Visitor: 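This is the structure I have questions about; it appears just below.
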Amino acid sequence: MIGRCLASLLVVLATWSSTSIANDVLAFDAPEQQQRYRILIEELRCPKCQNQNLEDSNAGIAIDLRNQVYKMINDGQSNEQIIDYMVARYGEFVLYRPVHNASTALLWYGPFALVVIGTLIFVLVIVRNKRHQSKKDSES
Amino acid sequence: MKKLLFFIPLIAFIALGVVFYQQLGKDTEYMPSALVGQPMPEFKLVDMASDSVVSNEAMPDEPYLLNFWATWCPSCSAEHAYLGELAEQGVNIVGIDYKDETPAAKQWLVERGNPYSLVLLDEMGKFGVDMGITGAPETFVVSATGKILYRHQGVVNEEVWQTLKEYM
């Protein structure tokens with residue numbers, strides 16, 4: 001009896017979860033579009049809950065923006081057009097991948113500059129120590 | 001000269017300290033609007049009173065507040081009385097009923113008073129996205145020529161009004 005109850009409960013749960021997942025499935029004309037959709041909602045930031053992307057967030061505005069991305073992809077708009085649309089409304093803030101310009105130069109190239117400076121200092125110190133060492137060796 | 005090198009970490013530490021200290025106490029939710037300085041986006045929305053579609057021409061030809069509100073939004077409820085006071089002082093406020101049920105919104109205005117000179121219905125939230133809003137309430141200051149001058153996110157109260165007033 002209990003076993004049968006559990007079994008029917010399992011069936012109910014299984015069908016219930018599959019229907020709730022089915023609601024989230026979006027239809028695309030091509031798998032390539034679905035791929036673009038996934039990448040875009042991953043790279044666009046939710047303006048409401050600022051440390052989440054559109055994909056993760058369940059805020060009302062994130063849902064609206066996801067639908068907008070979906071609509072624009074199905075309308076045949078390019079990634080660039082979609083990103084421009086978002087930036088025009090929410091600013092560069094919504095880009096998890098910042099654009100390359102003067103104000104973001106430090107952000108993009110700063111780490112490389114630091115690596116170069118670090119390597120230079122590292123090499124300099126080693127060369128110096130070596131010279132020091134060989135001087136000592138020749139003295140003794 | 002060599003001794004100075006030893007102070008580099010300390011100098012870096014102080015520089016970072018200054019940068020972080022300046023950020024302390026700032027509102028982390030604050031986000032500048034991309035629309036400030038831009039003309040109001042084109043729209044076609046249903047006017048609640050006349051039930052007809054209106055566009056940008058229907059907006060007031062004096063500086064006004066554009067207030068996004070909804071009956072489902074608790075903060076809108078909190079600011080409603082203050083908007084009423086502003087309207088009494090002669091401030092022109094246009095309301096956008098954002099992603100709301102129209103009958104409930106109509107009833108809300110009957111019960112609590114209507115501070116708006118015009119209420120437009122943005123049922124799908126499309127105009128909200130065009131204005132770059134992230135939720136309700138949000139209030140914009142718009143110039144007589146339809147240029148967006150300032151955006152405030154959250155409840156409008158006495159203190160916030162002091163700032164908004166500067167832009168009117």
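In the text below, chain A, chain B and the rest are named by the order of the sequence lines, each starting its count at 1. We use all heavy atoms of the structure for the numbers below, so side chains are in, but hydrogens, waters and symmetry mates are not. Worth saying up front: this structure is predicted, and the values here are computed from it rather than measured.
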Visitor: How would you list, in number order, the residues of residues 86-125 of chain A that have a heavy atom less than 4.5 Å from chain B?
Guide: A:Val87, A:Ala88, A:Arg89, A:Tyr90, A:Gly91, A:Phe93
Visitor: Assert yes or no for the condition that the ring centre distance of B:Phe127 to B:Tyr98 is strictly below 6.0 Å.
Guide: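 Ring-ring flag for B:Phe127/B:Tyr98: false, centres at least 6.0 Å apart.
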Visitor: I want to know whether B:Trp161 and B:Tyr82 have ring centres closer than 6.0 Å.
Guide: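 Centroid separation for B:Trp161 and B:Tyr82: 6.0 Å or greater.
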Visitor: Are B:Lys126 and B:Asp130 within salt-bridge range, i.e. N to O under 4.0 Å?
Guide: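 Judged by the 4.0 Å cut-off on N to carboxylate O distance, B:Lys126 and B:Asp130 do form a salt bridge.
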Visitor: Any ion pair linking B:Lys99 and A:Asp64 (charged N to carboxylate O, less than 4.0 Å)?
Guide: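 So A:Asp64 pairs with B:Lys99 through a salt bridge.
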Visitor: When you compare the side chain of B:Met131 with that of B:Phe68, does any pair of heavy atoms fall below 4.5 Å?
Guide: yes
Visitor: Could you tell me whether the side chain of A:Gln81 and the main chain of A:Ser78 form a donor-acceptor pair under 3.5 Å?
Guide: yes
Visitor: Got B:Val36 and B:Leu149 here, is their nearest side-chain heavy-atom distance under 4.5 Å?
Guide: no
Visitor: Does anything in residues 36-48 of chain A get under 4.5 Å of chain B by heavy atoms, and if so which residues?
Guide: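 At a heavy-atom separation under 4.5 Å, chain B is reached by A:Pro47, A:Lys48.
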Visitor: Looking only at atom types and distance, does a side-chain atom of B:Asp47 sit under 3.5 Å from a main-chain N or O of B:Leu120, one as donor and one as acceptor?
Guide: no
Visitor: Kindly say whether B:Gly113 contributes a backbone atom to a donor-acceptor pair with the side chain of B:His80 at under 3.5 angstrom?
Guide: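 At least one qualifying donor-acceptor pair exists.
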